[in-house]
Number of protein chains: 2
Amino acid sequence: MGDTPELELRRVQVHAAYEQVWRELEKRILDGTLQAGDRLPTEMELAQRFGVNRSTVREGIRRLESEGLVRRASGRRLVVAVPSYGDLAPRTSRALAMSQVSFLELWQVAVVMEPLAARLAAANANEADLAEMRRNLEATGETLRAGRSPARLDTEFQRLVAQSAKNRALELSREPIGLLLYPALEALIPLVPQAGERLLVAHRRIYEAIRDRDEDTAYHWMHKHVVDFRRGYELAGLPLDAPVRMPEPASPPGG
Amino acid sequence: MGDTPELELRRVQVHAAYEQVWRELEKRILDGTLQAGDRLPTEMELAQRFGVNRSTVREGIRRLESEGLVRRASGRRLVVAVPSYGDLAPRTSRALAMSQVSFLELWQVAVVMEPLAARLAAANANEADLAEMRRNLEATGETLRAGRSPARLDTEFQRLVAQSAKNRALELSREPIGLLLYPALEALIPLVPQAGERLLVAHRRIYEAIRDRDEDTAYHWMHKHVVDFRRGYELAGLPLDAPVRMPEPASPPGG
DNA sequence: GTTTGTCCGTTTGTCCGACAATCATCATTA
DNA sequence: TAATGATGATTGTCGGACAAACGGACAAAC
């Protein structure tokens, strides 16, 4: 075999035309040539400028749409947009669910993220944030009195705390986990009678600490709350290492 | 104005055909009808079964591809896949960068996530993980001796630690942050002469602690390391609250 | 003067039919 | 047996086409 002189070759990259359309537009958006809010040219015009068929342009555009970099304005013209975590979080949740992530894995992250969120919320929450939390607390109380499951409201409470933290990296990191984790309450509540009351108490304490700008108390109650969640899960006899399931989407994923 | 009796209307949903194709296939994948690894029918066949044109099917497929739910095998046929964070993390990073997230916001998350990763890594790393860290350590040493920037290798080291933690939720949560945060080293290193050496020492300690299954030491050194990173950033006179920029992609984003 | 109905040019969503390039497969050849 | 070539299936791209929906302008009706 003396005829293969250590020749190192890498796969020659061949990009489909619609991919190049997508990448080119993406690049223009990311480098600021196209700013959020700008209107894109019509499909016909894009096709002419790129020198490809309109069908090809459309396939590229689908990709951009899916990434949340462009949206269709009320009317029809394409408009450059900033991707929202409304688009991203459910997708990450799905990837986690499809990877058969266990309750324990999610919990291990939540138990550090949520207390951090509470601490930052105590530092940064504004009056509007507090009002939303109050509204959520009341709704949770009613829901419990009516004997229904507060799972969705708990998910929301955690999200509201994270929103109050004024840290978008935190918000975006924890959202996919919250989306997968708290629906597990749905299964837990009926099995652990005292869970609902404990949850409400914890939420109240967390809210009060945030309102009073008491970072440490907010942190500790949230930590306790998340630990409590795990304990309830074990108490109910649910397996920590079983994969979680993807909940029904509350709001339809971005399109 | 008594002629508007609290009438609440929501926008009537009209779904384009390609959207329905996308949603239907997505549903089949998520509910398990189509399992990872399964081959999808050909575009022609999909078009016939959905009763739409092949072009329409193709637009829907682009969406699925973008979500990582389906890939083109080496050949051509579409294959159902599990979305990887290779697809997801860069997108989340972009969303963060476009939202003008500050160094401080990223750091606040990193300072709790990375030590957690180190602790779990000390508990769960296997021999292959350790070998990769060793390789990374050596490369970092060489890079520093050569006077080049270890930014990319640092990003990789943190990723390797997270991989060793055997927690996919953690891995997926921290990756977008790491991707945005550590490239800031590129700007930092030339300004803080001792930074490179300190970084290498920290990496070594973290590696040793993980190897020795010493969770607390791994945790503390990683915490120290991340705190050190921030101190270096401040020392260099870089503003904590300025938005970070999106780094050049090391590997082209999934497609 | 404001609302409603109508028209028109533009743009999108969808369809049809077609072709070259590429891939998977298998029979053929050295 | 392993390399080579032929064959059929499938994708990527194209050009052209049309109905539906939109934005805007204008006229008619209240």
Side-chain angles (χ1 to χ4, degrees), chain A residues 1-4 7 9-26 34 37-66 69-81 254-255, chain B residues 1-5 7 9-26 34 37-66 69-81 252 254-255:
Chain A
M1 308 232 191
D3 51 352
T4 311
L7 182 49
L9 302 174
R10 51 189 71 221
R11 178 160 181 80
V12 51
Q13 296 264 8
V14 50
H15 291 296
Y18 71 88
E19 264 182 83
Q20 297 186 52
V21 169
W22 149 48
R23 282 181 202 276
E24 182 63 26
L25 288 174
E26 179 183 76
L34 289 167
D38 287 358
R39 285 171 21 150
L40 259 63
T42 65
E43 296 178 352
M44 194 73 84
E45 198 172 332
L46 286 172
Q48 285 171 339
R49 290 214 235 163
F50 281 120
V52 298
N53 192 272
R54 189 164 76 98
S55 309
T56 304
V57 167
R58 296 189 105 240
E59 294 190 31
I61 286 176
R62 292 296 157 252
R63 183 80 187 218
L64 288 174
E65 263 177 352
S66 167
L69 290 174
V70 305
R71 288 186 199 293
R72 297 250 173 232
S74 68
R76 272 194 136 76
R77 200 66 157 272
L78 281 172
V79 172
V80 179
Chain B
M1 308 238 186
D3 51 350
T4 312
L7 183 49
L9 301 176
R10 51 189 70 222
R11 179 161 180 79
V12 49
Q13 296 264 6
V14 49
H15 291 297
Y18 71 87
E19 266 181 78
Q20 298 186 50
V21 168
W22 148 50
R23 282 182 203 275
E24 182 63 24
L25 289 175
E26 180 184 75
L34 289 166
D38 287 358
R39 283 170 26 148
L40 259 64
T42 65
E43 296 177 352
M44 193 72 82
E45 199 173 332
L46 286 172
Q48 286 170 340
R49 289 214 235 161
F50 282 120
V52 298
N53 193 271
R54 189 163 77 97
S55 309
T56 305
V57 168
R58 296 189 106 243
E59 293 190 32
I61 286 176
R62 292 295 157 252
R63 181 81 187 217
L64 287 173
E65 261 177 353
S66 167
L69 288 174
V70 43
R71 288 185 199 295
R72 297 255 172 223
S74 68
R76 271 192 139 81
R77 200 67 158 273
L78 281 173
V79 173
V80 178

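Quick note on labels: first sequence line is chain A, next is B, and so on, each numbered from 1. Please read these numbers as outputs of a predicted model, since none were measured by experiment.
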Nucleotide D/dC14, atom C1' - distance to OH of A/Y18 in whole Å: 16 Å

Any A/L78 side-chain heavy atom under 4.5 Å of A/R72 side chain: yes

By salt bridge (Lys or Arg N to Asp or Glu O under 4.0 Å) - contacts of B/R39 (at least two apart): none

Protein-nucleotide distance (A/R71, atom CZ; C/dT12, atom C1'), rounded to Å: 19 Å

Full working for side chain to side chain contact (heavy atoms under 4.5 Å, CB included) between B/T42 and B/R77: CA-CA 7 Å; B/T42 65; B/R77 200 67 158 273; 3.7 Å; yes

Atom pair distance, as rounded to whole Å: CG in A/L78 and P in C/dT11: 12 Å

Basic-acidic side-chain contact under 4.0 Å: B/R62, B/E59: no

What's touching nucleotides 7-10 of chain D from the protein side, N or O pairs under 3.5 Å?
none

A/R23 with A/E26: basic N within carboxylate O range, under 4.0 Å: no

Sugar-phosphate only, base, or nothing, as touched by B/R62 at under 4.0 Å among non-hydrogen atoms: sugar-phosphate

By side chain to side chain donor-acceptor pair (under 3.5 Å) - contacts of B/D38 (at least two apart): none

Partner residues of B/E45 under the side chain to side chain donor-acceptor pair (under 3.5 Å) criterion, sequence neighbours left out: B/R49

Under the side chain to side chain donor-acceptor pair (under 3.5 Å) test, residues paired with A/S55 that sit two or more places apart: A/N53

Watson-Crick and G-U pairing of DNA chain D, under 3.5 Å, as dot-bracket with | and [ ]: ||||||||||||||||||||||||||||||

Which residues share a side chain to side chain contact (heavy atoms under 4.5 Å, CB included) with B/Q20, sequence neighbours left out: B/H15

Atom-pair distance (CE on B/M44; C1' on C/dA18), nearest Å: 11 Å

Near-strand residues of residues 45-58 of chain B, defined as heavy-atom separation under 4.0 angstrom from DNA chain C: B/G51, B/V52, B/N53, B/R54, B/S55, B/T56

Rounded distance in Å - CD (B/Q20) to P (C/dG13): 13 Å

A/E59 CD to D/dT13 P, straight-line distance once rounded to whole Å: 7 Å

Side chain to side chain contact (heavy atoms under 4.5 Å, CB included) against A/V57, all qualifying residues, sequence neighbours excluded: A/L46, A/A47, A/V52, A/I61

With sequence neighbours excluded, residues passing side chain to side chain donor-acceptor pair (under 3.5 Å) with A/Q48: none

Whole-Å gap separating C1' (C/dT12) and CD1 (A/I61): 10 Å

